[in-house]
Amino acid sequence: MQQEPLQESFQESMREHRPLGVSGLGGWLILIQIGLWFTVIMLLVQINQSILPILNAETWEILTAKDSGYYHPLWAPVIIFEAVFNILFLVFTVYVMLAFYRKKARLPRLMIIFYSLSLTVGVVDYLLLYQIPMARELEDGSSIRDIARSVIACAIWIPYFRKSERVQNTFVR
């Protein structure tokens with residue numbers, strides 16, 4: 001007879017802890033998942049196809065040696081900045097994905113940092129590269145498009161992570 005009240009109490013406590021409204025990794029969060037996976041893939045490709053080749057001794061020497069025709073004093077800091085950022089952002093993105101799939105309560109803050117950081121670094125990188133004549137000549141408008149995409153992503157996803165009922169009900173651990 002003791003078990004019946006205990007079972008009712010357990011079921012009642014389970015109802016109290018269940019979030020009201022929509023929750024789970026569905027809805028618009030599917031787009032976030034796709035974006036996070038896409039970011040990881042693109043960072044790996046960028047590191048492999050852009051950063052590592054520039055860091056090889058020959059290319060590094062061409063861009064950073066004062067007697068080279070391609071020399072500019074900003075090449076070394078920009079290359080190092082991009083390499084370090086891409087590697088750290090890859091690690092950060094994997095960390096965000098772990099928090100996402102574990103439904104951690106800190107995920108909304110991490111996503112706001114993710115989008116804000118992406119925009120900020122995109123602008124800083126563009127401004128640094130714009131100071132280098134050779135990089136400015138090679139610019140095909142893709143950097144501006146990337147910055148515009150980041151602005152739009154921030155305008156959509158930051159408010160979403162701050163206001164969404166699904167986000168509030170899903171990321172609670």
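When reading the values below, keep in mind they use all heavy atoms of this one structure, side chains included, and skip hydrogens, waters and symmetry mates. Here the structure is a predicted model, which is why all the values come from computation and not from measurement.
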Which pair of non-hydrogen atoms, one from [X] and one from [Y], has the smallest distance, and what is that distance?
X	Y	answer
Asn169	Gly21	ND2-C, 3.8 Å
Trp157	Trp28	CH2-O, 3.9 Å
Asn56	Pro53	ND2-O, 2.9 Å
Pro159	Ile156	CD-O, 3.6 Å
Arg162	Gln168	O-NE2, 3.7 Å
Leu63	Met134	CD2-CE, 4.5 Å

Linking I/L/V/M/F/W/Y whenever their side-chain heavy atoms sit closer than 4.5 Å, directly or via other members, would [X] and [Y] fall into one cluster?
X	Y	result
Ile41	Ile51	no
Ile158	Val151	no
Phe161	Tyr95	yes
Tyr160	Leu31	yes
Ile112	Phe100	yes

Identified side chain to side chain contact (heavy atoms under 4.5 Å, CB included) counterpart of Val40 within the set Leu44, Leu36, Leu43: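 Among Leu44, Leu36, Leu43, the one meeting side chain to side chain contact (heavy atoms under 4.5 Å, CB included) with Val40 is Leu44.
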Is the side chain of [X] donor-acceptor paired with the backbone N or O of [Y] at a distance under 3.5 Å, no angle test?
X	Y	answer
Arg173	Lys104	no
Thr59	Ile54	no
Glu139	Ser143	yes
Trp75	Tyr70	yes
Thr120	Ser116	yes

Is any side-chain heavy atom of [Y] closer than 4.5 Å to one of [X]?
X	Y	value
Pro133	His72	yes
Leu55	Ile79	yes
Arg109	Arg106	yes
Leu110	Phe171	no
Val172	Lys103	no
Val96	Thr39	no

From [X] [atom1] over to [Y] [atom2], what is the distance, rounded to the nearest 0.5 angstrom?
X	Y	atom1	atom2	answer
Met97	Leu107	CE	CG	11.0 Å
Leu119	Leu117	CG	CG	9.5 Å
Met111	Leu29	CE	CG	9.0 Å
Arg136	Leu129	CZ	CG	10.5 Å

Mutual orientation of the aromatic rings belonging to Tyr101 and Trp37 [parallel < 30°, tilted 30-60°, perpendicular > 60°]: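 Ring orientation, 0 to 90° scale: tilted.
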Contacts of type side-chain contact (heavy atoms from CB on, under 4.5 Å), residue Tyr71, not counting sequence neighbours: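 Applying side-chain contact (heavy atoms from CB on, under 4.5 Å) to Tyr71 gives Lys66, Ser68, Pro73.
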Do any side-chain atoms of residues 81-94 form donor-acceptor pairs under 3.5 angstrom with protein atoms, and if so which ones, sequence neighbours left out?
{"unit_1": "Asn86", "atom_1": "ND2", "unit_2": "Glu82", "atom_2": "O", "d": "3.0"}
{"unit_1": "Thr93", "atom_1": "OG1", "unit_2": "Phe89", "atom_2": "O", "d": "2.7"}

Which residues share a ring pair (Phe, Tyr, Trp, His ring centres under 6.0 Å) with Tyr130, sequence neighbours left out: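 Here the qualifying residues are Tyr126.
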